[in-house]
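Only a predicted model underlies this, so the values are computations on that prediction, with no experimental measurement involved. For ligands, and for the atoms within them, numbers begin at 1 and follow the listed sequence. Below, each value reflects all heavy atoms present in this structure, side chains not excepted, and no hydrogens, waters or symmetry copies.
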Amino acid sequence: MQKKYDYLIVGSGLYGAVFAYEMNKAGKRCLVIDKRNHAGGNTYCENVDGINVHNYGAHIFHTNDEFIWKFVNRFVPFNRYTNSPLACYKGKMYNLPFNMNTFYQLWGVTTPTEALEKIREQTLPFTKQQPKNLEEQALMLLGDDIYSRLIKGYTEKQWGRPACELPASIIKRLPLRLTYDNNYFDDKYQGVPVGGYNALISGLLQGIELRINTDYFSHRSALHEVADKIVFTGSIDRFFDYRLGRLEYRSLRFEHERKQIKNFQGNAVINYTEREVPYTRIIEHKHFEFGDQPHTVITKEFPMNFKDEAEPYYPINDEKNNRLYKKYKSMADDVPNVIFGGRLGCYQYYDMHQVIGASLKAAALESFRHVY
Ligand SMILES: Cc1cc2nc3c(=O)[nH]c(=O)nc-3n(C[C@H](O)[C@H](O)[C@H](O)COP(=O)(O)OP(=O)(O)OC[C@H]3O[C@@H](n4cnc5c(N)ncnc54)[C@H](O)[C@@H]3O)c2cc1C
């Protein structure tokens, strides 16, 4: 008997929404479900008195891929927002990524030659060692001033562990710029959708059936009856009922606050790099869209351990977890008619352009399978 849908898509984040869009365009019948009370996954924005608040952390789109840039701009125009975060350490401000402005702020040097000489002097005591952990790696690459003020506290908060217990591989290289350029990304294209990410997601999901507040695991057997194939973008270990053990994640807690002030911090993103400040950054959302409202909304971002009820935001791709993921992946390869995708389905930190690319690829492969 023919099932009602060709695809049940679990998760309305970018992976699920792009997949649904492509298959719908190809004439397939799709049902998208999400356990949250809205679509869009972590790109979801809540409009607070005209300000699009990035509910799950700052999202800045960037890519070198012209096709993906044109693809997203089909649904919503993107503005020319350029990510230029600042770091605040003990009340002093530093530009990021590390560039001539940062070196001037740290050491008063004004030329690339002076900056290189200073970095050489700073790293000299650490160059002979083979770095065994993140701390040694960062000291070897950048020296003590940059490490202790701008890396150590922030990284320890982010990972919830001392830097000397973190693997060196987390920072294989730290980009240094010998120009006065505060643009965080090197990519050719970057920006934020005019009107927020919801416009992109609703464009992708237009004409497609969406059920929010619907957890796949609460309706598992019934949902399997309605579609020929499933696209699963939730946690892969949960899909297999944690049979081989649990994958680890880092989670986050967000504190949003509306303030009756026009401009709170003068920049969209400020990182707080001291260990003693409990949050890692403050986001002031109106700056993503050059807002002119008389009020503002800020969000403090607190990293936290992942426990049962928390949201899994960042996969911890260390050796132990990657080994476990590989085992789940080989189980997944043996499940017929289920495609695992996205950040949680593939246990991989994907940026938005990467998740869109992966989803377009999976959809193209599906279309190819239907033809041949
Ligand atoms: C704090 C933070 C900041 C980021 N900043 C950037 C940035 O600046 N630039 C950038 O390019 N990328 C950024 N990213 C990455 C970006 O969020 C991801 O690339 C993208 O959102 C991944 O899309 P996805 O569809 O794989 O996952 P998600 O967006 O997580 O969507 C998965 C969806 O599946 C749903 N789901 C899960 N389990 C179930 C279930 N059992 N039943 C039903 N539904 C379920 C979830 O509710 C969710 O809506 C950031 C990520 C985080 C966490």
Side-chain angles (χ1 to χ4, degrees), residues 8-21 31-45 54-65 68-69 72 78 81-83 85 158 184-185 187 189-193 197-198 200-201 204-205 210-220 223 230-241 249-254 268-269 271 279-281 283 285 288 299-304 306 310-315 338-360 362:
L8 165 71
I9 295 157
V10 181
S12 64
L14 272 175
Y15 190 96
V18 167
F19 191 92
Y21 170 79
L31 169 65
V32 179
I33 62 163
D34 205 295
K35 64 179 179 181
R36 295 183 185 170
N37 63 1
H38 58 75
N42 289 338
T43 66
Y44 173 71
C45 296
H54 296 201
N55 229 44
Y56 302 97
H59 276 72
I60 300 129
F61 198 92
H62 59 99
T63 182
N64 265 324
D65 189 324
I68 288 182
W69 181 245
V72 291
F78 278 59
Y81 174 79
T82 302
N83 191 27
Q158 226 183 2
Y184 195 78
F185 298 118
D187 290 347
Y189 308 102
Q190 76 175 293
V192 165
Y197 285 90
N198 299 2
L200 172 61
I201 297 292
L204 286 163
L205 292 180
L210 166 71
R211 290 187 206 156
I212 54 170
N213 298 312
T214 306
D215 191 330
Y216 167 73
F217 295 108
S218 311
H219 310 275
R220 198 169 189 165
L223 285 168
I230 295 174
V231 175
F232 184 78
T233 73
S235 306
I236 188 167
D237 53 343
R238 172 76 176 92
F239 184 91
F240 291 106
D241 301 317
Y249 302 85
R250 283 294 282 163
S251 194
L252 294 169
R253 180 170 65 79
F254 300 102
V269 183
N271 293 357
Y279 41 87
T280 43
R281 47 185 191 168
I283 312 300
H285 302 268
F288 289 127
T299 299
K300 289 179 182 155
E301 205 170 293
F302 298 80
M304 57 184 241
F306 170 71
E311 277 287 335
Y313 285 108
Y314 298 112
V338 181
I339 297 168
F340 291 82
R343 195 176 51 96
L344 299 172
C346 295
Y347 194 66
Q348 197 173 341
Y349 184 84
Y350 275 131
D351 272 331
M352 290 181 280
H353 63 287
Q354 294 168 314
V355 101
I356 291 171
S359 184
L360 287 171

Nearest-neighbour protein heavy atom for [atom], which is reported as residue plus atom name and distance:
atom                    : value
atom 53 (C) of ligand 1 : Tyr313 CD2, 3.6 Å
atom 47 (O) of ligand 1 : Asp34 OD1, 2.7 Å
atom 11 (O) of ligand 1 : Met352 N, 2.7 Å
atom 5 (N) of ligand 1  : Ala58 O, 2.9 Å
atom 31 (O) of ligand 1 : Gly13 CA, 3.5 Å
atom 17 (O) of ligand 1 : His59 NE2, 2.7 Å
atom 34 (O) of ligand 1 : Gly11 CA, 3.2 Å
atom 40 (C) of ligand 1 : Asp215 OD1, 3.6 Å

Heteroatom proximity flag, [X] to ligand 1, N/O under 3.5 Å:
X      : value
Asn42  : yes
Leu252 : no
Tyr15  : yes
Tyr349 : yes
Leu344 : no
Ser12  : no
Tyr314 : no
Arg343 : yes
Ile60  : yes
Lys35  : yes

May I ask you to test the [X]-[Y] pair for a side-chain heavy-atom distance under 4.5 Å?
X      : Y      : answer
Thr214 : Asp34  : no
Thr82  : Phe185 : no
Asp351 : His62  : yes
Leu205 : Val32  : yes

Looking at [X] versus [Y], is the centre-to-centre ring distance below 6.0 Å?
X      : Y      : result
Tyr44  : Tyr197 : no
Phe254 : Tyr313 : yes
Tyr189 : His353 : no

Item to complete: List in chain and number order the residues that pass side chain to side chain contact (heavy atoms under 4.5 Å, CB included) with Val231, two or more places apart in sequence or in another chain; answer none if no residue qualifies.
Response: Tyr7, Ile9, Tyr15, Phe19, Thr233, Ile339
Response to the item:
A student checking ligand 1 against Gly234 at a 4.0 Å heavy-atom cut-off should list atoms 37 (C), 38 (N)
Worksheet entry | Those atoms of ligand 1 less than 4.0 Å from some heavy atom in Gly41 | 29 (O), 31 (O), 48 (C), 49 (O)
Practice prompt. Output all residues satisfying ring pair (Phe, Tyr, Trp, His ring centres under 6.0 Å) with Phe306, sequence neighbours left out; order by chain, then residue number.
Written response: Tyr249
Just to be sure I read this right, does ligand 1 sit under 4.0 Å from the backbone of [X], its side chain, both, or neither, counting only heavy atoms?
X      : value
Thr214 : backbone
Tyr56  : backbone
Ser235 : neither

Worksheet item: Without hydrogens or angle criteria, can the side chains of Asn42 and Arg36 be said to hold a donor-acceptor pair below 3.5 Å?
Response: yes
Practice prompt. Determine, stepwise, if the pair Thr299 / His54 fulfils side-chain hydrogen bond (donor to acceptor under 3.5 Å, both in side chains).
Written response: CA-CA 9 Å; Thr299 299; His54 296 201; over 6 Å; no
Practice prompt. With side-chain contact (heavy atoms from CB on, under 4.5 Å) as the test, would you mind laying out the steps for Tyr81 and Ile60 before giving the verdict?
Written response: CA-CA 8 Å; Tyr81 174 79; Ile60 300 129; 3.8 Å; yes
Discussion item. Strictly below 4.0 Å, N to O, side chains only: are Asp241 and Arg220 in salt-bridge contact?
Written reply: yes
Worksheet item: Around atom OH of Tyr184, are there more than 12 heavy atoms of other residues, nucleotides or ligands at under 6.0 Å?
Response: no
Fill in: Nearest candidate to atom 19 (O) of ligand 1, where distance is taken over non-hydrogen atoms, out of Phe185, Phe61, Tyr350
Tyr350
